[in-house]
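The block underneath contains the structure these notes are about, expressed in structure tokens.
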There are 2 protein chains.
Amino acid sequence: MPDFPKKTLVADAYSRLKSDIRENRLPPGFQAPEPELATRLGISRTPVREALIRLQADGLIRLIPRHGALVVALSPSDVQSLYDILSALEPQAGVTLAEAAPTPTALAPLYETLDAMTRALEAKDLSAWLAADDSFHQQVIALQGNDRLHGMLDPLLDQLHRVLMTTLAHREQLARATEDHRTLLHILATGDSNGARRELRQHRRRESREVLEIIEAQGLTAL
Amino acid sequence: MPDFPKKTLVADAYSRLKSDIRENRLPPGFQAPEPELATRLGISRTPVREALIRLQADGLIRLIPRHGALVVALSPSDVQSLYDILSALEPQAGVTLAEAAPTPTALAPLYETLDAMTRALEAKDLSAWLAADDSFHQQVIALQGNDRLHGMLDPLLDQLHRVLMTTLAHREQLARATEDHRTLLHILATGDSNGARRELRQHRRRESREVLEIIEAQGLTAL
DNA sequence: AAAAAGAATTACGTATGCATTGTAGCGGAC
DNA sequence: GTCCGCTACAATGCATACGTAATTCTTTTT
């Protein structure tokens, strides 16, 4: 339940639309012209347009002239592409973080998030688990020092979020995935950058395999 | 000398500004408020603003409230970060391309570009060499099938362009760099995706080492 | 009834207006 | 001469206005 600071109307519109898309309130395939979104948000077209441009850059929507903003639906091959990129990029984030030799204090929030995952798993609270999982990766890429890398990874996680939401119920390796995080934390604590790279790569590879299988098994064609 | 289609004013403004930045006509550190840019481009603020938002997403400028658009200067560590990302991402582009088992016909333009590099090298025409080098990588990421990956790599190459321009004269391994491209093409032709990944990774790693050394040797602190 | 032609609507791209708010320049105090 | 405060200016964020072009709806024709 994020709250929406109204520093500027475009920032506000951006966050709200992004959140609506992430949480499937604006589902893939949803389409609306600028004036409608403006009305819906209670602001004029100008800030809406600017927010939409940013969302398009994030890959969350497509601006189709005369047809408004379209919430992009991911095909299975889109998901594959996404994972290909993520599997290349996120390990590098792990490297950067490990190289920074993070102190236990710096990693504390991550351990806390890991605990949350574990608890959610025991309680079989899937959405809590996903929230923690998301937060974990979010924190990793934020803590790591390469801002550009952070800026590139962040939208990828956003794009993936819906996919993870809709496949979540069918995943059978959540325990393993959770353990991956623990392993990663231990590796990070030792500053082993190569280990961090490998662990993160394998983690995402396993996840992609699992998720893509579910997508196929369930015959999901757009998500 | 690219020409500027005027399909829409924001697209036009975007291309022109991007080109101006790439070619150092708007050098790093240059700063101008929206109204000035609007006047300079002979259009109103609205399309300028939208173009600036995109350029900021590309990492080429920073929008600083009340101070206008600032052409970002890259510090040595920025260059390092850039290369870290590029070394993770571009090899993946090579993988995707190799996996597509490109036909000789598909690779023909690349061979042509390679010839251009070779000729430029022999003629010691540095800027022609760089143009060809740039074009080569541009083509690789465009030919490869992952559109998202293309969309992410493209801005990185733009950011790097100025760095390559300013360090070009001091580079001593241009022949080696040129040969790397030839090697890559042969690998691509055989569909060896792992080979493509390795070659591209090493190519960028060598380049980064060379470039960063020059940056240090020359005491370049912002470029 | 399907197709074609025309009219009405609407979305977009761009320009402009306006209030807000930060910044720089200027003058005075110490 | 430097520091502080005040005033004038300027850039921004947003709203609104408007012409153009495309889509949709209507109507007519065959």
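The nearest whole Å value for the distance from the CG atom in A/Leu63 to the C1' atom in C/dA11 is 12 Å. Across the protein-nucleic acid pair, A/Ile53 atom CD1 and D/dG13 atom P stand 13 Å apart, rounded to whole Å. One interatomic measurement links the two molecules: CG of A/Leu70 to C1' of C/dA11, which rounds to 16 Å at whole-angstrom precision. Atom P of nucleotide C/dA15 and atom CG of B/Leu41 are separated by 11 Å, given to the nearest angstrom. B/Glu50 has its CD atom 13 Å from the P atom of D/dG13, to the nearest Å. Distance, B/Arg62 CZ to D/dA11 P: 19 Å, rounded to whole Å. In this entry the distance linking CD of B/Gln31 with P of D/dA10 reads 17 Å, nearest Å. Remark: P of C/dC12 and CD of A/Glu36 are 10 Å apart, rounded to the nearest angstrom.
The number of heavy-atom neighbours closer than 6.0 Å to CZ of B/Arg62, taken from other residues, nucleotides and ligands shown, is 12 or below.
The listed nucleotides are D/dC14, C/dA11, C/dT23; the one nearest the side chain of A/Leu9 is D/dC14. Checking D/dC14, D/dA11, C/dT14 against every side-chain atom of B/Arg66, the shortest atom distance belongs to D/dA11. The side chain of A/Glu34 lies closest to C/dG13 when the candidates are C/dG13, C/dA15, D/dT16. Checking C/dT16, C/dA11, D/dA15 against the side-chain heavy atoms of A/Ile43 singles out D/dA15 as nearest. In this structure, the nucleotide among D/dC14, C/dA11, C/dT14 sitting nearest to the side chain of A/Arg49 is C/dT14.
One finds a side-chain N or O of B/Thr8 lying less than 4.0 angstrom from the OP1 or OP2 phosphate oxygen of C/dT14. At C/dT14, none of the side-chain N or O atoms of B/Thr46 fall inside 4.0 Å of OP1 or OP2 (strictly under the cut-off). In this model, the phosphate group of C/dA11 is not approached by any side-chain N or O of A/His67 to a distance below 4.0 Å at OP1 or OP2. Contact annotation: B/Arg45 does not reach the phosphate of D/dA11 (side-chain N/O to OP1 or OP2, under 4.0 Å).
In plain terms, the two heavy atoms of B/Glu90 and B/Leu200 that are nearest each other are O-CD2, 3.6 Å.
DNA chain D is contacted by both A/Pro65 and A/Val10; A/Val10 maps to the nucleotide lying nearer its 5′ end (nearest heavy atom per residue).
B/His150 contributes no side-chain N or O that, together with a main-chain N or O of B/Asn146, makes up a donor-acceptor pair within less than 3.5 Å.
If you take CG on B/Asp134 and CE on B/Met165, they are separated by 11.0 Å, rounding to the nearest 0.5 Å.
With respect to A/Arg148 and B/Asp84, no salt bridge is recorded, no charged nitrogen being found less than 4.0 Å from a carboxylate O.
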